[in-house]
Amino acid sequence: MTKHAPLEEPLLKDSDSKKAGGNEILTGYLNAGFFSILTFSWMTPLITLGSKKTLNHQDLPLLSANDTAYGSFSTFTKNLELECGNVRTVTTIKLAKVLFLSTWKGILISGIFAFLYVCASYVGPYLIDNLVQYLNDENKVKYDGYVLATAFIMAKLVEFLSQRHLMFKFRQVGVRMQSMLVSMIYAKGLTLSCQSKEGRSSGEIINLMTVDAQRVGEFCWYLHDPWMSVLQISLALFILHRNVGVASVASFAATVIVMLLNLPMASLQEKFQAKLMEFKDKRMKATSEVLMNMRILKLQAWEMKFLAKIIQLRKLEEMWLKKFLVVTAIVRFLFFSAPTFVAVVTFGACVLLGIPLETGKILSALATFRILQLPIYNIPDTISAIAQTKVSLDRVVAFLRLDDLQTDVVEKVPRGSSDIAIEIVDGNFSWDLSSVNATLKNINLRVFHSTRVAVCGTVGSGKSSLVSCIIGEIPKISGTLKVCGTKAYVAQSPWIQSGKIQENILFGREMDREKYEKVLEACSMKKDLEVLPFGDQTIIGEKGINLSGGQKQRVQIARALYQDADIYLLDDPFSAVDAHTGSHLFKECLLGLLKTKTVIYITHQVEFLSDADLILVIKEGRITQSGKYNDILTSGTDFMELVGAHRAAFSSVKSLERGPTLKSSSITGEDTSSLSDFELEQEVENINDRNSMLEETIVPKGQLVQDEDREKGSVGFKVFWKYTTIAYGGALVPLLFLSHILTVVLQIASNYWMALATPVSATAEPGIGIFTLMVVYVSLAIGISFSTLVRAFLAVIAGYKTATMLFNQMHLSFFRAPMSFFDSTPSGRILNRASADQSTVDMNISNLVWEFTYNLVQLVGNIAVMSQAAWQVFVVLIPVVAACIWYQRYYSASARELARLTGICQAPVIQHFSETISGSTTIRCFEQESRFNEMNMKLIDKYSQPKLYSSSALEWLSFRLGILSSTIFAFCLIFLVSFPSSIADPSIVGLAVTYGISLNAVQFKLIRFLCNLESNIISVERILQYTSIPSEAPLVIKDNQPDHSWPSFGEVRIQDLQVQYAPHLPLVLRGLTCTFTAGTKTGIVGRTGSGKTTLVQALFRLVEPVAGQILIDNINISLIGVHDLRSRLSIIPQDPTMFEGTVRTNLDPLEEYTDEQIWEALDMCQLGDEVRKKEGKLDSTVTENGENWSMGQRQLVCLGRVLLKKSEILVLDEATASVDMAMDNTIQQTVKQHFSDCTVITIAHRITSILDSDMVLFLSKGLIEEYDSPKKLLKDKSSSLAQLVAEYTRRSNTGFGS
């Protein structure tokens, strides 16, 4: 155990001593004495605190070591190893066994409580006959009466005490099981092979964590039910045999019939449940994909099409939900009718067999039937719970058995034992082992320590795969791969964790200030951090949403540099940054900080090749050439092609510097000729910087991602009201209440009838004929059944309708939300509402409303019957009810906040997991798996705390209310025994005691359903929060629709444009004015973070301007619908995105074009042949996020979309960042050819793609620095553009080393 000490400490101690101090008062369960545990008094300090202030997470007691994720998971893994050896061999049975072995103590203790509870609950029914006989006896002895009363009261106390502790133990075991499974699923997610990941979307895996693990945890409630039911039925038959003799056989037969009726229902329930989950998975998969790519959907005006797709999937899910709910209603009908049915059969048998019916025996039998209802009612529930849990365990096991990454791909050589850093001999690797074609073929490579290796090749040639194989991500078919030293990796598409920038860079390492500053300097991040509101403490949104592409890339590079590894693997690190930053990074990082390290970098920029010690050219998965720059230039054609493309582009720069350009365009009013002196400009900037720093200290700024909102105080009546009135305006609610009242009245009437119409003792004469007795009783029973059926179906109809309407409202609302909502809301929060909260609304809430209202009516009925025998009960009843209400209110403040905290603490677990899945390659390469597992466990504990204390608080309340309701029962009994003369009729007394026995149970159920309802209705509250998100501008404004041909010219006029991302964040564009003339090509340049991408977002109205306007062909774009605007503009975005589906749905999701047009577009963007090779042609599959296409190919698909759309205005947002020079030229040529008359706006990092433009706009810190034709700007050697080009030229000619 010692080696785990550091892991254990932070879980058991709080790093913040102040917090821990707050918790010490409350770590009550561990230090509580016997009496405190018995009465749950150890919870009192927390509940008292909750009644005074809104509870926060730091107010909660720490978990005991066994309840923490770490404590329970280490036990679980030990048992798993003993049982299965390897996770891959686990089966459902074995997993269930391991879960049992890991929590057996808790299960055993709860079993003892369960036994006590069952035995105590049958004492009352057993003694009722004795009580009626005692009251009917002329010469009774007071002492006997008191003994009877004491026996009744003691049994009641034992019953409810053991029930309370049983429930608490269940929850404790449940929380442990859930922690174990979530930790296990998480740990597995970190080791999944890429192939396994392709088969499972992150949405499905998230469902395993949220839904399935929770279901297994909740199965604890049903754990003892099978043997408890047997015990309950045996005891019931024993009492019945004592009362009605042979007729008890009939009771048994009736009970068995009712149970058998339920079996087909349970299997149907299981089948529908499994189907429901399957369609829910599909829906969640689609939802998570949409959330990941919402920006693209909005840019393309596709979001409503994708919403329709999700609604369509939900319709299929609802079909199974409807079936599931109908079966639930039938089950309910069967089991509420069960006691009545069993009673009719039993009494009928007595009549037929001539067994005399006496009041005492009948009341004893009725009380027994009432308790018998529980096992009858529980067995189907238990069967369906077992079925559901089995479905969930099967799903978890299927996931745990997926293939892991091969661990033997890389042979690790001890550090310092070899002078070779990486050696591959005859390596064949394939992403898909079943495929005939290997991804990498016959790779032979030897890299010595401190060598720089550049990897180049065309799009899709296997460059990234080579890096992945060195990390050990690709399955190996044959050959050997040895690596000596630690590795650091920079992925092609940046993976950033949500959290502070500093945390992202340190990535688990200790802070070394000097090294940290060096790294920031090398990655030129100092400037960026000055601009960000909180410097390196700024919290980054999900997937680095509030950083530009270049900033994300540099954070990634900084993270790798800080790790100080031996081998660096950089997958196209310079593509997302501008030319200036790129050369700075190359110089400072690769030639500076990393000069003594082994570096393998992929690049498409030829200018970065000449400084490499070794260049590898890859084509179709083979290394076709390798050697120094000048050696391989002469030895083969593949490298020549790449360099040729670069030289062609480069010569265009040269000619620009000398000769005239074709078009020169006018500039708007203000002439932004650049300052003659670059130094002066730097000085001006510095002054501005200082001023802005001063401003910043005065104006407090907020983080982009705020903590999740939670409502405070009581769940508003508004939420309940909204829930009940959403379906049919609430018309079904009064009907439901009436059917409840009718049922309870009929039940009481039938019991009264049997008590009064039968003789009190064997000697008394029966007043009513046996035949009449039974006819009336049976007709009342039929009435009860009918009203039960009606109320079961009313609840289902209302619940289903409400769930459907809430789903549609929420989804419409967040699909129409502005982009700022998605930037500042982690997708985990939205997914949590769409999965867990929606599930609660679908399945639970209507049940709870139903149960609560029914038990309320029943409680009133019980009290009414008791007061018939002794109206004096009211003397105690009124203060007791007042005390109950006071307790409930006192408790509910804490309970609500605990339930809300539970809801909020689940999202971080999900979000952390989905981040981990997407960055698993980076995490594994940096060997940080154990740290991430630790973080996951801390988040699980943070979720377990409110969950466990929430149920402890419920037991605290139930215990106190149980004592109070026992007081009423005790008072009633003692009163009846002390003043027997005041009693009119022993039958009525017997009936009152019968109802008194069940008083506790009814009251407990009432409170439990109310509390569950309060905590579950929070799901409705959370969904309602997302039904009223302020929506972005209307899709279409009917009175102001532009003409079909708009924009026919494509002139873009920007006037005094000011943009900020949120009211509490600084301005990003600070008053731009310029005109892009129709048909011109404009290049936008500027340092990372200068506002280039923001300008594009403003053009598409993803952000609305604070001031100023944009006119396209003289129409103010702010006055037309956003769909009208976005559907008429085209964009190739920075992150090439593909969706799960087919090639066709990726190019044309709105189904507007013919196959011919699609093929034509594919040919134009050079993908035609690639797609023709695939089996399905246009219908060949695309996996989640287009993972089965290379980055460059995805970029070409984006080009294809634009070619189909043929707009007058085209925006290229760093569109060629992830392709090689040759492909870049291809894309530029395609754009030139097919968009020659269009207005093209290009944001690019490659100088070559900009210099081809008619105009260049140079942005700096949200202002225009230069705007003119490239020719003019290049003439002026002091212009920023001229300096950029000069640096680029120098770099291309000489490389960096010289």
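We count residues from 1, following the sequence as given.
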Which atoms form the tightest heavy-atom contact between Val1096 and Ile1131, and what is the distance? CG1-CD1, 3.7 Å
Partners passing salt bridge (charged side-chain N to carboxylate O under 4.0 Å, His left out) against Lys315 (at least two apart in sequence or in another chain): none
Validation row: Leu1057, Ile1054 side chains within 4.5 angstrom (heavy atoms): yes
Do Ile310 and Val290 have side chains that get closer than 4.5 Å, going by heavy atoms? yes
Contact check, side chains of Leu1273 and Phe1258, non-hydrogen atoms, under 4.5 Å: no
With salt bridge (charged side-chain N to carboxylate O under 4.0 Å, His left out) as the rule and sequence neighbours excluded, what pairs involving residues 1190-1206 come up? none
Asp1268 side chain to Lys1272 backbone, donor-acceptor under 3.5 Å: no
For the pair Ser1279 (side chain) and Ala1282 (backbone), establish whether a donor and an acceptor sit closer than 3.5 Å, ignoring hydrogens and angles. yes
Counterpart residues, side-chain hydrogen bond (donor to acceptor under 3.5 Å, both in side chains), relative to Asp1155 (two or more places apart): Arg1144
Check whether any side-chain heavy atom of Thr1075 sits under 4.5 Å from a side-chain heavy atom of Val1052, and report yes or no. no
State which residues pass side chain to side chain contact (heavy atoms under 4.5 Å, CB included) with Pro1149; sequence neighbours excluded, sorted by chain then number. Trp302, Phe306
Can you pull out every ring-ring contact (aromatic ring centres under 6.0 Å, His included) where at least one residue sits in residues 1089-1130? Sequence neighbours excluded, please. none
Would you check if the side chain of Asp1124 reaches a backbone N or O of Val1036 as a donor-acceptor pair within less than 3.5 Å? no
Are the side chain of Ser813 and the backbone of Tyr1026 linked by a donor-acceptor contact shorter than 3.5 Å? yes
Could you check whether any side-chain N or O of Glu1266 sits under 3.5 Å from a backbone N or O of Val1256, counting only pairs where one atom can act as donor and the other as acceptor? no
Per the salt bridge (charged side-chain N to carboxylate O under 4.0 Å, His left out) rule, what does the pair list look like for residues 1030-1051, sequence neighbours excluded? Lys298-Glu1032, Arg816-Glu1032, Glu1032-Arg1126, Glu1051-Arg1053
Among residues at least two apart in sequence or on other chains, which ones pass side-chain hydrogen bond (donor to acceptor under 3.5 Å, both in side chains) with Ser493? none
Have Thr1145 and Thr1142 got a donor and an acceptor in their side chains that come within less than 3.5 Å? yes
Testing the basics here: between Met1255 and Ser1269, what is the closest heavy-atom pair and its distance to 0.1 Å? SD-N, 3.8 Å
Under 4.5 Å between any side-chain heavy atoms of Leu1125 and Trp1046, yes or no? yes
Given 3.5 Å as the limit, does a donor-acceptor pair link the side chain of Asn1040 with the main chain of Ile1120, or not? no
Salt bridge (charged side-chain N to carboxylate O under 4.0 Å, His left out) partners of residues 1095-1117, not counting sequence neighbours, each pair once: Arg1101-Glu1104
Minimum-distance pair of heavy atoms, taken over all atoms of Ser1260 and Ser1090: CA-CB, 4.0 Å
Are any side-chain N or O atoms of Thr1137 and backbone N or O atoms of Asn293, one a donor and one an acceptor, separated by less than 3.5 Å? no
Side-chain heavy-atom pair Ile1241, Leu1212 within 4.5 angstrom cut-off: no
Backbone of Gly1079 reached by a side-chain donor or acceptor of Thr1239 within 3.5 Å: yes
Non-hydrogen side-chain atoms of Ser1130 and Leu1210 separated by less than 4.5 Å: yes
Under the salt bridge (charged side-chain N to carboxylate O under 4.0 Å, His left out) rule, collect the residues that match up with Arg283, sequence neighbours excluded. Glu317
Taking side chain as C-beta onward, heavy atoms only, is Leu1111 less than 4.5 Å from Ile1117? no
Keeping Glu289 on the side-chain end and Glu1140 on the backbone end, is there a donor-acceptor pair under 3.5 Å? yes
Whether the side chain of Asp1056 engages the backbone of Gly1108 through a donor-acceptor N/O pair (distance < 3.5 Å, no angle test) should be reported. no
By side-chain hydrogen bond (donor to acceptor under 3.5 Å, both in side chains) - contacts of Asp1163 (at least two apart): Arg1172
Drop me the distance from Leu1281's CG to Tyr1267's OH, to the nearest 0.5 angstrom. 13.5 Å
Does Ser1048 have any side-chain hydrogen bond (donor to acceptor under 3.5 Å, both in side chains) partners at least two apart in sequence or in another chain, and if so, which? none
Salt bridge (charged side-chain N to carboxylate O under 4.0 Å, His left out) partners for Lys309, two or more places apart: none
Should we say atom CZ of Phe821 is surrounded by more than 12 heavy atoms from elsewhere, each under 6.0 Å from it? yes
Please report the closest heavy-atom contact between Val1197 and Leu1147, naming both atoms and the distance. O-CD2, 3.6 Å
Under a 3.5 Å cutoff, is there a donor and acceptor pairing between the side chains of Thr1073 and Gln1055? no
Start with the C-alpha gap between Phe822 and Phe815, add the side-chain angles, then the distance that decides, and say whether ring pair (Phe, Tyr, Trp, His ring centres under 6.0 Å) holds. CA-CA 10 Å; Phe822 297 96; Phe815 266 80; 7.9 Å; no
Side-chain donor-acceptor pair present, Thr1154, Gln1157, cut-off under 3.5 Å: yes
